[in-house]
Amino acid sequence: MDNKKNEELLFLKEQLDFFQQIGAEFFPLAPVAAGRSEEAGKRLEIFASLEKTVLSCKKCPLAAARTHAVPGEGNKQADLLFIGEGPGHDEDLQGKPFVGRAGQLLTKIIEAMKFTRDDVYITNLVKCRPPDNRNPEPGEIEQCHPYLLQQIELIQPRVIVTLGKVAAEFFVPHLKSIGQVRGRFQLYRDIPLMPTYHPSYLIRQPDNRSLRKMVWEDMKKVMALLDGS
Ligand code: URA
């Protein structure tokens with residue numbers, strides 16, 4: 001059990017003890033629930049201000065060539081968070097993540113998992129398009145990654161899925177190949193993190209049905225975890 005859940009349980013136990021001591025015959029849940037929704041409201045406010053910061057960010061050279069920065073899209077309190085590498089051509093034009101061909105495949109995967117794009121949150125390691133869709137450079141990731149980490153802190157997802165080697169490598173340093181970790185849950189700050197192949201890689205290998213199967217196996221593990229806990 002994580003620290004936060006422990007703290008919540010301790011707090012509930014203290015409240016129960018207190019109400020027992022004063023002879024109360026019922027336990028009022030409203031103040032706790034109100035506290036929670038207040039906290040969630042604050043997180044959404046901070047998220048909105050983070051999005052504004054990303055949209056006007058000029059911390060690295062990628063800002064100069066972008067049409068739009070792409071903070072991310074979806075449910076800001078989602079249980080499930082997808083993290084790609086960085087916006088491509090279509091994403092840069094529309095200001096939304098995963099809307100090109102790879103995005104269409106990701107949408108199909110999300111729907112096969114019985115979610116919609118609005119149920120989950122989708123973002124990238126870097127928020128601006130690297131020219132010619134090259135991999136983001138270490139300096140760009142260094143400047144940009146605090147936005148992603150803050151997003152994770154605010155969303156508090158139950159499971160994270162990273163798409164492709166670049167996103168996986170950020171969480172599992174010194175990774176030689178995605179095959180080393182794909183399909184096996186890792187942990188980021190107590191959050192289970194499932195590295196899987198990038199949808200662009202699946203598109204580039206149209207005849208490789210086994211790759212698609214592997215991604216689906218990974219997503220089944222994610223669904224099982226979400227269903228079971
Ligand atoms: N590839 C990514 O990694 N992210 C996008 O948003 C689109 C394509």
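The first residue in the sequence is number 1, and the count goes up from there. Just so we're clear, the structure is a prediction, and the values are computed from it rather than from any experiment. Computed from heavy atoms alone, side chains included, the values below leave out hydrogens, waters and symmetry copies. Just so you know, ligand 1 is whichever comes first in the structure, and atom 1 is the first atom listed for that ligand.
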Inset, instruction - Please state whether Lys96 comes within less than 4.0 angstrom of ligand 1, counting heavy atoms only. - result: no

Inset, instruction - Using non-hydrogen atoms of the residue, decide whether Gly86 is closer than 4.0 angstrom to ligand 1. - result: yes

Legend entry - Residues that Asp92 engages under salt bridge (charged side-chain N to carboxylate O under 4.0 Å, His left out), provided they are two or more places apart: none

Legend entry - Phe98 and His198 aromatic centres sub-6.0 Å: yes

Inset, instruction - Please could you name the atoms of ligand 1 that His198 approaches to less than 4.0 Å, counting only its heavy atoms? - result: 1 (N), 2 (C), 3 (O)

Legend entry - Close aromatic pair by centroid cut-off 6.0 Å: Phe47 and Tyr121: yes

Legend entry - Protein heavy-atom partner closest to atom 4 (N) of ligand 1 - residue, atom, separation in Å: Asn124 OD1, 2.8 Å

Inset, instruction - Check the side chains of Arg129 and Asn133 for a donor-acceptor pair under 3.5 angstrom, ignoring hydrogens and angles. - result: yes

Inset, instruction - May I ask you to check whether Gly84 has an N/O atom sitting below 3.5 Å from an N/O atom of ligand 1? - result: no

Inset, instruction - With heavy atoms of Pro97 as the reference, note each atom of ligand 1 found under 4.0 Å away. - result: 6 (O)

Inset, instruction - Run through Gln143, Gln151, Glu91, His68 and flag the one making a side chain to side chain donor-acceptor pair (under 3.5 Å) with Lys127. - result: Gln151

Inset, instruction - Determine which pairs satisfy salt bridge (charged side-chain N to carboxylate O under 4.0 Å, His left out) with at least one residue from residues 139-148, sequence neighbours left out, and list them in order. - result: Arg134-Glu140

Legend entry - Which segment of Glu85 sits under 4.0 Å of ligand 1 when only heavy atoms are counted: both

